[in-house]
Participant: 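Okay, handing you the structure first.
If you read the sequence from its start, that first residue is 1, and numbering goes on from there.
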Amino acid sequence: MDTAEKRKRFFDIVLWIGVFLVLIFAIGILYAIPIFTFAYMRAKKEGWVLSLSSAAGLMAAVYLAFVVGMQTYLYEGVFIPMIRGWMQQ
C-alpha cells in the first residue's frame, strides 16, 4: 500500500468518526448508533439485511445494557429534547 492510499484511508476513517460524533451531538447516542452502523455498513457494500439487523442489534444491546441494566440515562443530543418539547405543546 502506497502513501497516497494510506492517506486516503486515514481521512476516510477520520471522516466516519466525525460523522459519528456529529450524530451523537445532534440526536444522541441511542439513535446515532443504529444510523451510523447502518450507513457505514451500506457504504462498505454490506447487504440490507445484515446492515439493518446489526444496527438494530447494537441499539438493543446498548439500550438493554445502559438504560435497563444500569438504569442510567444516555445523552439525548440537541434535537431530541427540542422535538419532544414541540410535540408536547
Side-chain angles (χ1 to χ4, degrees):
M1 183 182 318
D2 63 340
T3 306
E5 180 67 23
K6 286 182 182 179
R7 186 174 290 126
K8 181 189 175 303
R9 290 179 71 184
F10 172 77
F11 286 116
D12 186 46
I13 291 168
V14 169
L15 177 68
W16 279 108
I17 292 171
V19 167
F20 187 50
L21 292 175
V22 167
L23 278 171
I24 290 172
F25 175 75
I27 60 174
I29 294 171
L30 194 58
Y31 300 112
I33 288 172
I35 292 170
F36 175 79
T37 302
F38 178 77
Y40 182 79
M41 290 182 76
R42 289 299 300 154
K44 298 300 179 182
K45 308 289 190 235
E46 294 294 339
W48 284 93
V49 174
L50 180 61
S51 300
L52 282 173
S53 60
S54 296
L58 282 171
M59 182 178 181
V62 168
Y63 180 81
L64 289 172
F66 289 97
V67 178
V68 175
M70 292 195 282
Q71 299 177 349
T72 185
Y73 293 102
L74 296 173
Y75 176 68
E76 291 185 324
V78 175
F79 295 116
I80 299 299
M82 290 169 61
I83 292 168
R84 190 177 296 124
W86 289 333
M87 292 177 73
Q88 290 176 350
Q89 289 180 354

Participant: Once you round to the nearest 0.5 Å, how far does CD1 of Ile29 lie from CZ of Phe20?
Facilitator: 7.5 Å
Participant: Between Ile80 and Ile27, what is the shortest heavy-atom contact and its length?
Facilitator: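 Smallest heavy-atom distance, with atoms named: CG1-O, 3.3 Å.
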Participant: Would you name the heavy atoms of Phe25 and Tyr75 that are closest together and state the gap between them?
Facilitator: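 In terms of heavy atoms, the two residues are closest at O-OH, 3.4 Å.
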Participant: With rounding to the nearest 0.5 Å, note down the distance linking CD in Glu46 to CG in Leu52.
Facilitator: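 So the CD of Glu46 and the CG of Leu52 are separated by 12.5 Å.
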Participant: How far does CZ of Phe66 sit from CG of Leu30, to the nearest 0.5 angstrom?
Facilitator: 11.0 Å
Participant: For residues Val67 and Thr72, determine if any side-chain heavy atom of one lies less than 4.5 Å from a side-chain heavy atom of the other.
Facilitator: no
Participant: Among Lys6, Glu5, Arg7, which residue meets the side chain to side chain contact (heavy atoms under 4.5 Å, CB included) test with Thr3?
Facilitator: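 Running side chain to side chain contact (heavy atoms under 4.5 Å, CB included) over Lys6, Glu5, Arg7 with Thr3 returns exactly one hit, Arg7.
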Participant: Quick check: Phe38 with Trp48 (ring centres under 6.0 Å apart)?
Facilitator: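 Yes - the distance between ring centres of Trp48 and Phe38 falls below the 6.0 Å cut-off.
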Participant: Linking I/L/V/M/F/W/Y whenever their side-chain heavy atoms sit closer than 4.5 Å, directly or via other members, would Leu21 and Ile35 fall into one cluster?
Facilitator: no
Participant: Taking Leu50's backbone N and O only, do any of them form a donor-acceptor pair with Ser53's side chain (distance below 3.5 Å, no angle check)?
Facilitator: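 At least one qualifying donor-acceptor pair exists.
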Participant: Mark yes when over 12 heavy atoms from residues, nucleotides or ligands other than Met87 sit less than 6.0 Å from its CE; otherwise mark no.
Facilitator: no
Participant: Using every non-hydrogen atom in the two residues, find where Ala55 and Pro34 come nearest and quote the distance to one decimal.
Facilitator: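 That closest heavy-atom pairing would be CB-O, 3.4 Å.
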Participant: Taking atom CD as the centre, does Gln71 end up with more than 12 heavy-atom neighbours from other residues, nucleotides or ligands that are less than 6.0 angstrom away?
Facilitator: no
Participant: Looking at every non-hydrogen atom in both residues, tell me the closest pair between Met59 and Ile33 and how far apart they are.
Facilitator: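 Minimum heavy-atom separation between Met59 and Ile33: N-CG2, 4.5 Å.
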Participant: Pick one: which of Asp12, Ile13, Val14 meets side chain to side chain contact (heavy atoms under 4.5 Å, CB included) with Trp16?
Facilitator: Asp12
Participant: Same cluster or not: are Ile17 and Leu23 linked, directly or through other Ile, Leu, Val, Met, Phe, Trp or Tyr residues, by side-chain heavy atoms under 4.5 angstrom apart?
Facilitator: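 Different hydrophobic clusters.
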Participant: Between atom CE of Met82 and atom CD of Glu76, what is the distance when rounded to the nearest 0.5 Å?
Facilitator: 13.5 Å
